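Presented below is the structure to which this report refers.
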Number of protein chains: 2
Amino acid sequence: MKIGDGVEWAIHCCAALAGLPGDGSLPAAKLAELHGVPAAYLAKHLQALAAAGIVQALPGRRGGYRLARPAEELTLLEIVTAVEGDEPAFRCTEIRRRGPCKGLPASLFPAPCAIASAMARAEAAWRRELQATSVADLVRHVERHVDPRVRRRVGDWLDSALS
Amino acid sequence: MKIGDGVEWAIHCCAALAGLPGDGSLPAAKLAELHGVPAAYLAKHLQALAAAGIVQALPGRRGGYRLARPAEELTLLEIVTAVEGDEPAFRCTEIRRRGPCKGLPASLFPAPCAIASAMARAEAAWRRELQATSVADLVRHVERHVDPRVRRRVGDWLDSALS
DNA sequence: GTCCCTATACTCGGATAGCAAGTGTCCGAGTATAGGCGG
DNA sequence: CCGCCTATACTCGGACACTTGCTATCCGAGTATAGGGAC
(Lines give C-alpha, C1' and ligand atoms only; values in the text may rest on other atoms or scores of the structure.)
Protein backbone atom coordinates (compact mmCIF):
# COMPACT_ATOMS: atom_id res chain seq x y z
CA MET A 1 0.00 0.00 0.00
CA LYS A 2 1.48 3.27 -1.08
CA ILE A 3 0.25 6.80 -1.61
CA GLY A 4 1.85 8.59 -4.53
CA ASP A 5 4.04 11.63 -4.07
CA GLY A 6 1.51 13.69 -6.00
CA VAL A 7 -0.78 13.75 -2.99
CA GLU A 8 1.81 15.47 -0.84
CA TRP A 9 2.56 17.95 -3.60
CA ALA A 10 -1.12 18.68 -4.18
CA ILE A 11 -1.80 19.37 -0.51
CA HIS A 12 1.21 21.64 -0.20
CA CYS A 13 0.09 23.50 -3.32
CA CYS A 14 -3.40 24.02 -1.94
CA ALA A 15 -1.96 25.30 1.32
CA ALA A 16 0.29 27.70 -0.57
CA LEU A 17 -2.59 28.95 -2.72
CA ALA A 18 -4.70 29.44 0.39
CA GLY A 19 -1.97 31.61 1.85
CA LEU A 20 -1.89 33.98 -1.11
CA PRO A 21 -3.24 37.49 -0.50
CA GLY A 22 -6.60 38.42 -2.05
CA ASP A 23 -7.38 36.63 -5.27
CA GLY A 24 -3.79 36.15 -6.30
CA SER A 25 -2.87 33.17 -8.45
CA LEU A 26 0.32 31.21 -9.02
CA PRO A 27 1.32 29.32 -12.19
CA ALA A 28 2.33 25.68 -12.07
CA ALA A 29 5.97 26.49 -12.77
CA LYS A 30 6.18 28.75 -9.72
CA LEU A 31 4.44 26.21 -7.52
CA ALA A 32 6.95 23.60 -8.67
CA GLU A 33 9.85 25.92 -7.95
CA LEU A 34 8.44 26.74 -4.53
CA HIS A 35 8.34 23.06 -3.58
CA GLY A 36 11.36 21.84 -5.50
CA VAL A 37 9.51 19.28 -7.59
CA PRO A 38 9.41 18.61 -11.36
CA ALA A 39 7.16 21.22 -12.95
CA ALA A 40 5.82 19.08 -15.77
CA TYR A 41 4.74 16.32 -13.44
CA LEU A 42 3.21 18.65 -10.89
CA ALA A 43 1.13 20.14 -13.71
CA LYS A 44 -0.42 16.73 -14.23
CA HIS A 45 -1.70 16.63 -10.66
CA LEU A 46 -2.85 20.23 -10.79
CA GLN A 47 -4.99 19.25 -13.75
CA ALA A 48 -6.61 16.62 -11.57
CA LEU A 49 -7.29 19.23 -8.89
CA ALA A 50 -8.81 21.53 -11.51
CA ALA A 51 -11.02 18.72 -12.87
CA ALA A 52 -12.27 18.06 -9.34
CA GLY A 53 -13.22 21.69 -8.86
CA ILE A 54 -10.68 22.25 -6.09
CA VAL A 55 -8.52 24.78 -7.88
CA GLN A 56 -9.37 27.07 -10.74
CA ALA A 57 -7.10 27.38 -13.76
CA LEU A 58 -6.76 30.88 -15.15
CA PRO A 59 -5.54 30.76 -18.77
CA GLY A 60 -3.56 33.33 -20.60
CA ARG A 61 -0.46 35.39 -19.88
CA ARG A 62 -0.58 36.34 -16.13
CA GLY A 63 -2.67 33.21 -15.53
CA GLY A 64 -2.11 30.46 -12.99
CA TYR A 65 -4.00 28.51 -10.37
CA ARG A 66 -6.04 29.69 -7.44
CA LEU A 67 -8.40 27.95 -5.03
CA ALA A 68 -11.86 27.48 -6.48
CA ARG A 69 -13.50 27.51 -3.04
CA PRO A 70 -12.76 28.98 0.40
CA ALA A 71 -9.99 27.12 2.22
CA GLU A 72 -12.36 26.56 5.12
CA GLU A 73 -14.58 24.28 3.01
CA LEU A 74 -11.71 22.38 1.45
CA THR A 75 -10.83 19.13 3.20
CA LEU A 76 -7.80 16.91 2.82
CA LEU A 77 -10.10 14.08 1.77
CA GLU A 78 -11.17 15.98 -1.32
CA ILE A 79 -7.59 16.58 -2.37
CA VAL A 80 -6.52 13.01 -1.79
CA THR A 81 -9.54 11.69 -3.65
CA ALA A 82 -8.97 14.05 -6.55
CA VAL A 83 -5.37 12.91 -7.01
CA GLU A 84 -5.54 9.22 -6.10
CA GLY A 85 -9.01 8.45 -7.41
CA ASP A 86 -12.19 7.62 -5.56
CA GLU A 87 -12.10 3.85 -5.75
CA PRO A 88 -11.37 2.15 -2.43
CA ALA A 89 -7.90 0.79 -1.73
CA PHE A 90 -9.26 -2.65 -0.90
CA ARG A 91 -11.39 -4.24 -3.57
CA CYS A 92 -13.17 -7.48 -2.75
CA THR A 93 -12.81 -9.91 -5.63
CA GLU A 94 -15.42 -12.30 -4.22
CA ILE A 95 -13.04 -15.18 -3.94
CA ARG A 96 -15.51 -16.80 -1.55
CA ARG A 97 -17.55 -17.75 -4.63
CA ARG A 98 -14.64 -19.45 -6.33
CA GLY A 99 -13.16 -22.84 -5.54
CA PRO A 100 -15.66 -25.43 -4.30
CA CYS A 101 -18.46 -22.85 -4.15
CA LYS A 102 -18.16 -22.12 -7.86
CA GLY A 103 -21.50 -22.51 -9.56
CA LEU A 104 -23.65 -21.86 -6.52
CA PRO A 105 -26.34 -19.25 -7.21
CA ALA A 106 -25.46 -15.68 -6.31
CA SER A 107 -28.53 -15.47 -4.12
CA LEU A 108 -26.71 -17.55 -1.50
CA PHE A 109 -24.29 -14.66 -0.92
CA PRO A 110 -26.58 -11.79 0.01
CA ALA A 111 -24.54 -10.02 2.68
CA PRO A 112 -21.17 -8.56 1.80
CA CYS A 113 -18.13 -10.56 2.82
CA ALA A 114 -17.10 -9.88 6.42
CA ILE A 115 -13.56 -9.17 5.29
CA ALA A 116 -14.65 -6.56 2.78
CA SER A 117 -16.87 -5.00 5.42
CA ALA A 118 -14.02 -4.74 7.93
CA MET A 119 -11.69 -3.22 5.37
CA ALA A 120 -14.41 -0.79 4.30
CA ARG A 121 -14.93 0.26 7.92
CA ALA A 122 -11.22 0.93 8.24
CA GLU A 123 -11.17 3.03 5.10
CA ALA A 124 -14.23 4.93 6.27
CA ALA A 125 -12.40 5.79 9.49
CA TRP A 126 -9.44 6.92 7.41
CA ARG A 127 -11.63 9.15 5.26
CA ARG A 128 -13.44 10.54 8.29
CA GLU A 129 -10.15 11.64 9.78
CA LEU A 130 -9.03 13.25 6.54
CA GLN A 131 -12.32 15.07 6.25
CA ALA A 132 -11.83 16.55 9.71
CA THR A 133 -8.85 18.62 8.53
CA SER A 134 -9.33 21.55 6.19
CA VAL A 135 -6.79 23.52 4.23
CA ALA A 136 -7.62 26.48 6.49
CA ASP A 137 -6.46 24.37 9.44
CA LEU A 138 -3.13 23.88 7.70
CA VAL A 139 -2.76 27.62 7.11
CA ARG A 140 -3.54 28.33 10.76
CA HIS A 141 -0.97 25.77 11.82
CA VAL A 142 1.64 27.46 9.67
CA GLU A 143 0.80 30.89 11.10
CA ARG A 144 1.11 29.64 14.65
CA HIS A 145 3.82 27.01 14.74
CA VAL A 146 6.20 27.70 11.87
CA ASP A 147 9.33 29.68 12.63
CA PRO A 148 8.99 33.38 11.62
CA ARG A 149 12.26 33.22 9.72
CA VAL A 150 10.88 30.47 7.50
CA ARG A 151 7.65 32.37 6.92
CA ARG A 152 9.67 35.46 6.07
CA ARG A 153 11.75 33.55 3.55
CA VAL A 154 8.69 32.11 1.85
CA GLY A 155 6.88 35.47 1.96
CA ASP A 156 9.76 37.25 0.23
CA TRP A 157 9.92 34.58 -2.42
CA LEU A 158 6.17 34.85 -3.01
CA ASP A 159 6.41 38.63 -3.35
CA SER A 160 8.99 38.28 -6.08
CA ALA A 161 6.97 35.57 -7.76
CA LEU A 162 3.73 37.53 -7.73
CA SER A 163 5.26 40.71 -9.17
CA MET B 1 -3.57 4.14 -3.41
CA LYS B 2 -4.09 0.44 -3.83
CA ILE B 3 -3.92 -2.61 -1.63
CA GLY B 4 -2.55 -5.70 -3.33
CA ASP B 5 -4.68 -8.77 -3.89
CA GLY B 6 -2.40 -10.76 -1.61
CA VAL B 7 -3.97 -9.10 1.42
CA GLU B 8 -7.41 -10.42 0.60
CA TRP B 9 -6.02 -13.88 -0.03
CA ALA B 10 -4.03 -13.88 3.19
CA ILE B 11 -7.03 -12.91 5.32
CA HIS B 12 -9.22 -15.55 3.68
CA CYS B 13 -6.51 -18.14 4.27
CA CYS B 14 -6.23 -17.22 7.94
CA ALA B 15 -10.00 -17.45 8.33
CA ALA B 16 -9.99 -20.86 6.64
CA LEU B 17 -7.15 -22.10 8.85
CA ALA B 18 -8.98 -20.82 11.92
CA GLY B 19 -12.01 -22.86 10.93
CA LEU B 20 -10.10 -26.13 10.72
CA PRO B 21 -10.88 -28.70 13.42
CA GLY B 22 -8.28 -29.32 16.13
CA ASP B 23 -4.70 -28.76 15.01
CA GLY B 24 -5.36 -29.59 11.38
CA SER B 25 -3.19 -28.02 8.71
CA LEU B 26 -3.64 -27.26 5.04
CA PRO B 27 -0.92 -27.03 2.37
CA ALA B 28 -0.57 -23.99 0.16
CA ALA B 29 -1.83 -25.85 -2.90
CA LYS B 30 -5.09 -26.73 -1.17
CA LEU B 31 -5.55 -23.19 0.12
CA ALA B 32 -5.07 -21.91 -3.40
CA GLU B 33 -7.57 -24.41 -4.78
CA LEU B 34 -10.07 -23.46 -2.08
CA HIS B 35 -9.92 -19.83 -3.06
CA GLY B 36 -9.36 -20.20 -6.77
CA VAL B 37 -6.08 -18.29 -6.87
CA PRO B 38 -2.64 -19.11 -8.34
CA ALA B 39 -0.90 -21.50 -5.97
CA ALA B 40 2.66 -20.36 -6.61
CA TYR B 41 1.83 -16.73 -5.92
CA LEU B 42 -0.24 -17.47 -2.86
CA ALA B 43 2.75 -19.37 -1.48
CA LYS B 44 4.73 -16.16 -1.59
CA HIS B 45 2.29 -14.40 0.69
CA LEU B 46 2.04 -17.39 3.01
CA GLN B 47 5.78 -17.12 3.43
CA ALA B 48 5.29 -13.55 4.57
CA LEU B 49 2.67 -14.68 7.07
CA ALA B 50 5.03 -17.37 8.35
CA ALA B 51 7.88 -14.89 8.69
CA ALA B 52 5.60 -12.62 10.74
CA GLY B 53 4.71 -15.44 13.11
CA ILE B 54 1.06 -15.47 12.07
CA VAL B 55 1.00 -18.95 10.58
CA GLN B 56 3.27 -21.89 11.21
CA ALA B 57 4.73 -23.89 8.34
CA LEU B 58 4.89 -27.64 8.90
CA PRO B 59 7.46 -29.23 6.56
CA GLY B 60 7.46 -32.72 5.20
CA ARG B 61 4.87 -34.98 3.61
CA ARG B 62 1.52 -34.35 5.34
CA GLY B 63 2.77 -30.83 6.11
CA GLY B 64 1.08 -27.51 5.47
CA TYR B 65 0.15 -24.33 7.27
CA ARG B 66 -1.74 -23.74 10.48
CA LEU B 67 -2.30 -20.72 12.66
CA ALA B 68 0.63 -20.00 14.95
CA ARG B 69 -1.57 -18.33 17.57
CA PRO B 70 -5.20 -18.46 18.68
CA ALA B 71 -7.57 -16.80 16.22
CA GLU B 72 -8.85 -14.60 19.03
CA GLU B 73 -5.46 -12.87 19.34
CA LEU B 74 -4.95 -12.46 15.62
CA THR B 75 -6.06 -9.09 14.24
CA LEU B 76 -6.54 -8.00 10.66
CA LEU B 77 -3.92 -5.33 11.19
CA GLU B 78 -1.25 -7.94 11.78
CA ILE B 79 -2.12 -9.75 8.58
CA VAL B 80 -2.23 -6.60 6.49
CA THR B 81 1.06 -5.41 7.95
CA ALA B 82 2.72 -8.77 7.35
CA VAL B 83 1.75 -8.79 3.67
CA GLU B 84 1.96 -5.12 2.74
CA GLY B 85 4.83 -4.08 4.95
CA ASP B 86 4.86 -1.85 8.01
CA GLU B 87 5.92 1.42 6.45
CA PRO B 88 3.18 4.03 6.29
CA ALA B 89 1.33 4.67 3.04
CA PHE B 90 2.06 8.40 3.19
CA ARG B 91 5.70 9.33 3.50
CA CYS B 92 6.58 12.96 4.07
CA THR B 93 9.47 13.94 1.81
CA GLU B 94 10.00 17.25 3.61
CA ILE B 95 9.37 19.36 0.56
CA ARG B 96 8.84 22.31 2.88
CA ARG B 97 12.62 22.49 3.20
CA ARG B 98 13.18 22.66 -0.52
CA GLY B 99 12.66 25.60 -2.83
CA PRO B 100 13.37 29.00 -1.25
CA CYS B 101 13.86 27.46 2.19
CA LYS B 102 16.74 25.32 0.94
CA GLY B 103 19.80 25.86 3.05
CA LEU B 104 18.01 26.95 6.20
CA PRO B 105 19.21 25.03 9.25
CA ALA B 106 17.17 21.98 10.18
CA SER B 107 16.66 23.39 13.65
CA LEU B 108 14.08 25.78 12.18
CA PHE B 109 11.79 22.83 11.44
CA PRO B 110 11.35 21.19 14.84
CA ALA B 111 7.69 20.10 14.69
CA PRO B 112 6.57 17.63 12.06
CA CYS B 113 4.80 19.06 9.04
CA ALA B 114 1.07 19.56 9.66
CA ILE B 115 0.26 17.63 6.51
CA ALA B 116 2.29 14.64 7.56
CA SER B 117 0.65 14.77 10.99
CA ALA B 118 -2.85 14.77 9.53
CA MET B 119 -2.08 11.89 7.21
CA ALA B 120 -0.51 9.98 10.10
CA ARG B 121 -3.63 10.54 12.21
CA ALA B 122 -5.77 9.15 9.39
CA GLU B 123 -3.59 6.08 9.07
CA ALA B 124 -3.67 5.58 12.82
CA ALA B 125 -7.47 5.59 12.70
CA TRP B 126 -7.32 3.06 9.88
CA ARG B 127 -5.01 0.78 11.86
CA ARG B 128 -7.12 1.14 14.98
CA GLU B 129 -10.16 -0.06 13.09
CA LEU B 130 -8.29 -3.00 11.61
CA GLN B 131 -6.99 -3.93 15.01
CA ALA B 132 -10.54 -4.06 16.35
CA THR B 133 -11.39 -7.06 14.18
CA SER B 134 -9.89 -10.47 14.92
CA VAL B 135 -9.85 -13.60 12.81
CA ALA B 136 -12.15 -15.16 15.40
CA ASP B 137 -14.68 -12.43 14.62
CA LEU B 138 -14.57 -13.46 10.98
CA VAL B 139 -15.16 -17.10 11.88
CA ARG B 140 -18.10 -16.16 14.07
CA HIS B 141 -19.56 -14.08 11.28
CA VAL B 142 -19.33 -17.05 8.93
CA GLU B 143 -21.00 -19.37 11.44
CA ARG B 144 -23.88 -16.95 11.91
CA HIS B 145 -24.53 -15.23 8.63
CA VAL B 146 -23.33 -17.51 5.86
CA ASP B 147 -25.91 -19.74 4.19
CA PRO B 148 -25.79 -23.33 5.54
CA ARG B 149 -25.61 -24.72 2.02
CA VAL B 150 -22.41 -22.78 1.39
CA ARG B 151 -20.93 -23.91 4.69
CA ARG B 152 -21.86 -27.49 3.84
CA ARG B 153 -20.18 -27.25 0.44
CA VAL B 154 -16.99 -25.88 1.95
CA GLY B 155 -17.12 -28.40 4.81
CA ASP B 156 -17.36 -31.35 2.44
CA TRP B 157 -14.50 -30.01 0.36
CA LEU B 158 -12.37 -29.57 3.47
CA ASP B 159 -13.12 -33.14 4.59
CA SER B 160 -11.88 -34.51 1.29
CA ALA B 161 -8.84 -32.25 1.41
CA LEU B 162 -7.88 -33.21 4.94
CA SER B 163 -8.14 -36.95 4.36
C1' DG C 1 5.47 -60.19 14.67
C1' DT C 2 8.52 -56.29 15.42
C1' DC C 3 12.02 -53.13 14.45
C1' DC C 4 14.92 -50.64 11.33
C1' DC C 5 16.33 -48.80 7.00
C1' DT C 6 15.73 -46.85 2.61
C1' DA C 7 13.35 -44.79 -1.20
C1' DT C 8 9.70 -41.86 -2.18
C1' DA C 9 6.55 -38.27 -2.59
C1' DC C 10 5.13 -34.31 -0.87
C1' DT C 11 6.01 -30.03 1.57
C1' DC C 12 8.06 -25.25 2.03
C1' DG C 13 11.61 -21.65 0.59
C1' DG C 14 13.93 -18.48 -2.25
C1' DA C 15 15.51 -17.02 -6.87
C1' DT C 16 13.74 -15.77 -11.52
C1' DA C 17 10.63 -13.41 -15.67
C1' DG C 18 6.44 -10.50 -17.07
C1' DC C 19 3.34 -6.71 -16.70
C1' DA C 20 0.73 -2.74 -15.11
C1' DA C 21 0.57 1.52 -12.91
C1' DG C 22 2.85 5.39 -11.27
C1' DT C 23 6.64 8.68 -12.65
C1' DG C 24 8.59 11.94 -15.56
C1' DT C 25 8.68 14.62 -19.88
C1' DC C 26 7.41 16.89 -23.95
C1' DC C 27 4.96 19.74 -27.40
C1' DG C 28 0.58 21.90 -29.16
C1' DA C 29 -3.91 24.85 -28.44
C1' DG C 30 -5.63 28.93 -26.34
C1' DT C 31 -5.71 33.50 -24.18
C1' DA C 32 -4.66 37.93 -21.72
C1' DT C 33 -1.22 41.15 -22.22
C1' DA C 34 2.06 44.69 -24.25
C1' DG C 35 3.37 47.36 -27.80
C1' DG C 36 2.62 49.79 -32.08
C1' DC C 37 -0.33 52.17 -35.29
C1' DG C 38 -3.99 54.98 -36.91
C1' DG C 39 -7.33 58.38 -35.97
C1' DC D 1 -3.97 62.07 -26.51
C1' DC D 2 -7.09 58.04 -27.03
C1' DG D 3 -8.80 53.78 -29.00
C1' DC D 4 -7.99 49.75 -31.83
C1' DC D 5 -5.33 46.08 -33.83
C1' DT D 6 -1.80 42.80 -34.06
C1' DA D 7 2.05 40.11 -32.57
C1' DT D 8 3.86 38.05 -28.64
C1' DA D 9 4.79 35.51 -24.69
C1' DC D 10 3.05 33.02 -21.32
C1' DT D 11 -0.45 29.91 -19.60
C1' DC D 12 -2.89 25.34 -19.35
C1' DG D 13 -4.15 20.78 -21.48
C1' DG D 14 -3.36 16.33 -23.26
C1' DA D 15 -0.30 12.84 -25.65
C1' DC D 16 4.23 10.25 -25.31
C1' DA D 17 8.64 7.37 -22.95
C1' DC D 18 10.65 5.28 -18.68
C1' DT D 19 11.14 3.09 -14.06
C1' DT D 20 9.60 1.00 -9.99
C1' DG D 21 6.97 -2.33 -7.66
C1' DC D 22 3.34 -5.77 -7.87
C1' DT D 23 2.03 -10.17 -10.30
C1' DA D 24 3.05 -14.63 -11.63
C1' DT D 25 6.07 -18.69 -12.10
C1' DC D 26 9.57 -22.06 -11.57
C1' DC D 27 12.92 -25.27 -9.56
C1' DG D 28 15.80 -26.78 -5.54
C1' DA D 29 16.38 -28.09 -0.31
C1' DG D 30 14.33 -30.57 3.40
C1' DT D 31 11.37 -33.80 5.92
C1' DA D 32 7.65 -37.02 7.48
C1' DT D 33 5.74 -40.94 5.55
C1' DA D 34 5.12 -45.64 3.46
C1' DG D 35 6.87 -49.73 2.18
C1' DG D 36 10.08 -53.48 2.28
C1' DG D 37 13.49 -56.30 4.37
C1' DA D 38 16.14 -58.35 8.22
C1' DC D 39 15.96 -60.23 12.73
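Note that the structure is a prediction, hence the values are computed from the model and not measured. First the proteins, then the strands, lettered A, B, ... as listed; each starts at 1.
- Cluster membership for Leu162(B) and Leu58(B), using ILVMFWY side-chain heavy atoms within less than 4.5 angstrom, is not shared.
- Atom-to-atom, NZ of Lys30(A) to P of dC10(D) comes out at 11 Å; the value is rounded to the nearest Å.
- Across all strands shown, Gly6(A) has no heavy atoms under 4.0 Å from either base or sugar-phosphate atoms.
- In this structure, Lys2(A) and Arg62(A) both approach DNA chain D, and ranking their closest nucleotides by distance from the 5' end singles out Arg62(A).
- Here the C1' atom of nucleotide dC10(D) and the CD atom of Glu33(A) are 15 Å apart, to the nearest Å.
- Using modelled atom types and a 3.5 Å distance limit, the side chains of Glu8(B) and Thr93(A) yield a donor-acceptor pair.
- Atom CG in Leu26(A) sits about 14 Å away from atom C1' in dC12(D), given to the nearest Å.
- Listed nucleotides: dT23(C), dT31(C), dC22(D). Nearest to the side chain of Pro59(A): dT31(C).
- Rounded to an integer number of Å, the gap from Met1(A) CE to dT23(D) P is 13 Å.
- Comparing Gly60(B) and Trp9(B) by the nucleotide of DNA chain D whose heavy atom lies nearest to each, the residue mapping closer to the 5' end is Trp9(B).
- Counting to the nearest Å, the C1' atom of dC19(C) and the CG atom of Asp5(B) are 14 Å from each other.
- Distance, Leu42(B) CG to dA24(D) P: 11 Å, rounded to whole Å.
- Across the protein-nucleic acid pair, Arg61(A) atom CZ and dT6(D) atom C1' stand 14 Å apart, rounded to whole Å.
- Each of dA24(D), dC12(D), dT11(C) was ranked by its minimum atom distance to the side chain of Pro27(B); first place goes to dT11(C).
- Of the candidate nucleotides dT25(D), dC12(D), dG24(C), dG24(C) has the atom nearest to the side chain of Tyr41(A).
- Within a 6.0 Å radius of CZ in Arg91(A), more than 12 heavy atoms belonging to other residues, nucleotides or ligands are found.
- For Asp86(A), the CG atom sits in a loose shell: 12 or fewer heavy atoms of surrounding residues, nucleotides or ligands are nearer than 6.0 Å.
- Nucleic acid contact class of Ala29(A) (heavy atoms, under 4.0 Å, all strands): none.
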Can you tabulate the close N/O pairs, meaning under 3.5 Å, that link protein atoms to atoms of nucleotides 14-16 of chain C?
unit_1, atom_1, unit_2, atom_2, d
dG14(C), OP2, Gln47(B), OE1, 3.2
dG14(C), N7, Gln47(B), OE1, 3.4
dG14(C), N7, Gln47(B), NE2, 3.1

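- With rounding to the nearest 0.5 angstrom, the CG atom of Leu74(A) is 5.5 Å from the CZ atom of Arg69(A).
- Few gaps surround CZ on Arg151(B); more than 12 heavy atoms of other groups in view lie less than 6.0 Å from it.
- The CZ-P distance, from Arg91(B) to dT23(C), rounds to 10 Å in whole Å.
- Interatomic distance, CE of Met1(B) versus OG1 of Thr81(A), reported as 8.5 Å (0.5 Å rounding).
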